[in-house]
Amino acid sequence: MTDSVQPGGGRSDLWRPNRSKSKRDELIVKFLFGACALLSIVTTAGILYTLLIETIKFFRQVPFTDFFFDTQWTPLFTDPQYGIFVLVSATFLTAFIGLLVAVPLGILAAVCLSEYAPRSVRAWLKPALEILAGVPSVVFGYFALLFVTPFLRTVMPFLGLQTFNGLSAGLVLGISILPIVASLSEDAIYAVPNSLRQASYAVGATKRETIINVVLKAALSGIVAAVILGVSRAVGETMIVTLAAGQNPTLTLDPRVAIQTMTSFIVQVAGGDVAVGTLKYDTLFAVGTSLFLITLSLNVFSFWFVRRFQEKYE
Amino acid sequence: MQSNTSSTTIDTDVTFRVENTDYYYGSFLAVKGVNFDVPARKITALIGPSGCGKSTVLRCFNRLNDLIPGAHINGKIYFDGEDLYSPRVDPTELRRRVGMVFQKSNPFPKSIYENIAFGARINGYRGNMDELVEQSLRGAALWDEVKDKLSESGLSISGGQQQRLCIARAIAIEPEVLLMDEPCSALDPISTLQIEDLMQELKTNFTIVIVTHNMQQAARISDNTAFFNARQTDKGGKQGYLVEYASTETIFNDPAQQATRDYVSGRFG
Ligand SMILES: Nc1ncnc2c1ncn2[C@@H]1O[C@H](COP(=O)(O)OP(=O)(O)OP(=O)(O)O)[C@@H](O)[C@H]1O
Ligand SMILES: [Mg+2]
């Protein structure tokens with residue numbers, strides 16, 4: 001007698017797949033997932049809709065040219081002016097200072113973690129870094145106001161730093177986005193296939209040459225995506241800039257003086273009592289829409305960049 | 001340990017001399033007691049079943065194994081009479097003289113041109129870069145296929161072309177030795193033949209050591225063949241060792257060991 005090669009003994013009556021049931025289940029699951037996906041789309045559309053409606057109302061009363069070319073932002077005054085670039089400049093100034101901190105430190109940290117640190121160190125250092133991302137931003141905010149600013153004023157009195165200023169806010173903003181920039185860059189660097197490093201060593205490259213010319217190049221799209229995510233965080237960040245940069249809308253790129261970012265303005269107005277339907281109320285939405293457009297274009301750019309420059313291995 | 005017959009069959013000058021070499025990954029002894037000579041300007045094939053340590057031995061020659069934490073060597077390997085693992089040898093400098101082509105093609109995420117220029121540049125090449133790139137690509141029989149798209153990504157060409165690009169990259173730094181770890185295993189028969197022809201041309205200038213699983217390939221192209229095998233250790237692990245080393249002719253037609261005869265005739269295992 002030979003061994004049966006059929007584990008079930010070849011009895012066809014043992015097999016009774018319920019195709020109609022699995023088809024029905026498939027349909028239910030499909031529907032559930034579809035509904036979840038739809039929900040997030042509907043919510044986004046709803047937010048967009050309200051933003052747009054109020055923004056249109058705003059622009060019925062304030063001409064585009066004023067919005068873009070006024071050099072003052074005084075919507076709460078009796079003679080209001082609506083130069084959005086006053087707020088935009090503050091937002092960009094703080095975000096830019098933040099990037100000056102977060103990009104070099106973040107990439108350096110990422111390289112150290114993935115290329116130099118032993119596996120065991122990376123295993124606990126990376127989660128530790130990510131915990132920093134969990135520090136509430138209001139804590140960073142008063143850290144900037146109560147520690148960094150006084151510190152800078154003592155150490156560098158010649159700067160003439162005001163109590164509220166873009167510099168401290170930007171520096172601390174940079175620290176707050178550092179974990180996300182470092183962590184995502186590290187993911188990108190870690191994902192670079194080892195075969196590339198070996199190829200580089202095999203043509204006689206040193207470790208430094210390998211990292212700079214091959215690893216970082218291969219991880220570039222991921223690093224840029226990390227940086228852009230950091231920028232959108234910095235642009236949308238609210239508590240740090242509100243607490244440390246002040247509430248003084250000024251069209252300037254001077255990091256030493258009090259300024260007001262777009263988000264700070266929204267906090268200031270939304271926190272006070274604005275009546276629905278007034279121009280002040282609509283101003284909020286105009287600023288909100290501008291902020292939204294800025295982060296949206298950053299994300300679109302990042303999406304495009306990653307698609308364009310991502311290398312497909314294998 | 002079987003003695004090998006290298007000293008009698010090899011009369012040209014010696015590029016690598018492997019003497020009583022053991023190789024460890026941590027405490028795991030991967031290959032034990034290897035002795036053989038790699039002759040200059042010949043093709044030496046390393047064959048044997050999977051896991052017997054062919055890649056390990058190959059990567060000793062350019063010290064690429066140094067990059068693996070815990071990996072270390074016991075015994076001596078001489079490169080042109082010089083101790084390869086002496087502290088005076090700079091592995092980076094060594095790897096310029098001993099090039100390598102990997103099993104899976106791994107071009108840099110750079111343009112075709114840069115893939116070749118990179119190695120030359122970091123090694124301080126002062127000559128005409130355009131010429132070097134062209135020469136290397138011609139040397140790898142790739143020039144005609146890519147000469148109009150040198151600025152395109154090295155990853156944009158076909159698998160066989162990528163592998164020839166990797167060969168071009170390896171010969172661009174003008175090494176003395178070319179190590180190849182199953183360079184054709186992912187290629188179709190035509191690309192494989194192209195690369196074999198190429199190796200025949202390259203061997204006038206380079207010493208070539210190739211790992212291959214393809215018996216016909218080893219028989220077709222190599223001058224000498226080393227057959228590795230693995231044996232069970234008491235701890236349950238596998239330990240690689242060199243069974244027999246001789247001219248390819250001998251290994252394939254009249255091997256001294258029964259295991260070799262079984263392996264090359266496909267009756268192995
Ligand atoms: N990086 C490593 N760390 C630990 N052990 C390793 C490492 N690389 C290889 N080994 C072990 O060393 C032994 C020999 O491996 P090697 O890669 O040299 O075999 P091989 O002959 O090239 O096999 P194949 O034909 O499958 O490529 C194997 O037991 C393998 O598990
Ligand atoms: Mg191998």
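By convention in this document, chain letters (A, B, ...) are assigned in the order of the sequence lines, proteins followed by strands, and residues within each chain are numbered from 1. Since the structure is predicted, the reported quantities are computational estimates derived from the model, not experimental observations.
- Neither the backbone nor the side chain of B:Arg121 comes within contact range of chain A; no heavy atoms are under 4.5 Å apart.
- Figure legend: A:Lys207 and A:Tyr201 shown without cation-pi pairing, the cationic atom not lying both under 6.0 angstrom from the six-membered ring centre and within 45 degrees of its axis.
- To the nearest 0.5 Å, atom OG of residue A:Ser137 and atom CG of residue A:Leu173 are 9.5 Å apart.
- Both the backbone and the side chain of B:Arg169 come within contact range of chain A, judged by heavy atoms closer than 4.5 Å.
- At a 4.5 Å heavy-atom cutoff, the contact between B:Leu67 and chain A is made by side-chain atoms alone.
- In summary, the aromatic rings of B:Phe118 and B:Phe108 are positioned with their centroids under 6.0 Å apart.
- In this structure, no portion of B:Val101 lies under 4.5 Å from any heavy atom of chain A.
- Relative to the ring axis of A:Phe303, A:Arg308 does not place its NZ or CZ within 45° and under 6.0 Å from the centre.
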